[in-house]
Amino acid sequence: TRRFSAKTGQRMMERNPADHRVRLGEARNHLDLKEVKESLEVLDDILSHHPNFAPAYALLGQALVEDHQLEALPGWIEQAPAGSEDYLEYWLTLGDWASYNSRHSEAARAYWEATKRDPNDPGAFSRLAIALRRIEAEDQDKNRELPFTPQELADMDQRVSNLLSMRKH
């Protein structure tokens with residue numbers, strides 16, 4: 001899905017006022033700037049006109065997490081339109097919900113799915129590493145063998161560092 005800048009989206013809305021999907025970039029920009037309420041407002045506008053627009057719905061999940069509206073997530077999950085599972089934000093939200101509920105294996109699986117949707121997103125890898133460390137701590141307490149090696153976890157940490165360093169340049 002193409003994401004237009006807020007300015008481009010505004011111009012496109014002027015040309016085709018019925019298509020609110022072009023505002024997705026604006027919603028993403030607000031969320032990136034931690035302007036969560038503004039992002040939620042834009043997403044509400046988009047989804048009120050296009051309720052099955054999966055990219056906006058997936059981003060709404062992350063906006064709800066950022067706004068600490070975790071009680072809304074079960075309904076969000078239940079009402080997800082077809083195609084939502086194709087987006088990074090959908091899987092991050094599922095992982096955040098599982099992590100919040102201390103279901104670390106489920107969180108790790110969801111974050112793994114997120115890394116497959118966008119292998120260049122450091123947040124997905126960082127959350128995956130945190131979930132794996134929580135699994136590691138639980139398994140050590142129960143004297144169980146880990147489903148991953150310490151080297152694999154170190155490699156993931158290195159990938160996050162590399163991705164973050166590329167963003168600085």
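Throughout, numbering of the chain's residues begins at 1 and tracks the sequence. Just so it is clear, the structure is predicted and the values come from calculations on it, not from any experiment.
Looking at Ser48, its side chain does come within 3.5 Å of a backbone N or O of Asp44 through a donor-acceptor pair. With hydrogens and angles disregarded, a donor-acceptor distance shorter than 3.5 Å links the side chain of His50 to the backbone of His20. Of the possible donor and acceptor atoms, none in the side chain of Trp76 sits under 3.5 Å from a partner among the backbone N and O of Ala58.
Taking the charged nitrogens against the carboxylate oxygens, Glu89 and Arg28 do have a contact shorter than 4.0 Å, which makes a salt bridge. Between Glu41 and Lys37, none of the side-chain N atoms (NZ, or NE/NH1/NH2) sits under 4.0 Å from a carboxylate O, so this pair counts as no salt bridge. Using a cut-off of 4.0 Å between Lys/Arg side-chain N and Asp/Glu carboxylate O, Arg23 and Glu26 are scored as salt-bridged.
Looking only at side-chain heavy atoms (C-beta outward), Asn16 and Asp19 come within less than 4.5 Å of each other. Contact check for Glu113 versus Tyr90: no side-chain heavy atoms found under the 4.5 Å cut-off. Contact annotation: the side chain of Leu40 approaches that of Leu60 to within less than 4.5 Å [non-hydrogen atoms, C-beta and beyond]. A heavy-atom distance below 4.5 Å is not found between the side chains of Thr115 and Asp121. Using a 4.5 Å heavy-atom cutoff, the side chains of Tyr57 and Leu43 are not in contact. No side-chain heavy atom of Leu70 sits less than 4.5 Å from a side-chain heavy atom of Leu64.
In this structure, the separation between CH2 on Trp91 and CZ on Arg117 is 6.0 Å, given to the nearest 0.5 Å. Between the CH2 atom in Trp112 and the CG atom in Leu132 there is a gap of 9.5 Å [rounded to 0.5 Å]. Taken to the nearest 0.5 Å, the CZ atom of Arg127 stands 4.5 Å off from the CG atom of Leu92. Ile46 contributes atom CD1, which lies 6.5 Å from atom CZ of Phe53 (distance to the nearest 0.5 angstrom).
Side chain to side chain, Arg134 and Ser99 meet the donor-acceptor criterion of an N or O pair below 3.5 Å. For the 3.5 Å distance criterion, the side chains of Asp96 and Tyr111 qualify, holding a donor opposite an acceptor. Under the 3.5 Å distance criterion, with hydrogens and angles disregarded, no donor-acceptor pair is assigned to the side chains of Glu35 and Asn29.
Residues Ala124 and Ala114 share a closest heavy-atom pair of CB-CB, 4.0 Å. Of all heavy-atom pairs spanning Asp45 and His49, the tightest one is O-ND1, 2.9 Å. Nearest heavy-atom pair across Leu31 and Ala63 is CD1-CA, 3.9 Å. When all heavy atoms of Pro119 and Phe125 are compared, the closest pair comes out as O-CE1, 3.3 Å. Closest approach of Ala82 and Ala54 over heavy atoms only: O-CB, 3.8 Å. When all heavy atoms of His68 and Glu71 are compared, the pair lying nearest together is O-OE1, 3.9 Å.
No more than 12 heavy atoms of other residues, nucleotides or ligands lie within 6.0 Å of CD in Glu78, so this atom counts as exposed by the packing criterion.
Screening residues 22-43 for ring-ring contact (aromatic ring centres under 6.0 Å, His included) gives no qualifying pairs among residues at least two apart or on separate chains.
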From CA spacing to verdict: side chain to side chain contact (heavy atoms under 4.5 Å, CB included), Val65, Leu73: CA-CA 8 Å; Val65 168; Leu73 292 181; 3.9 Å; yes
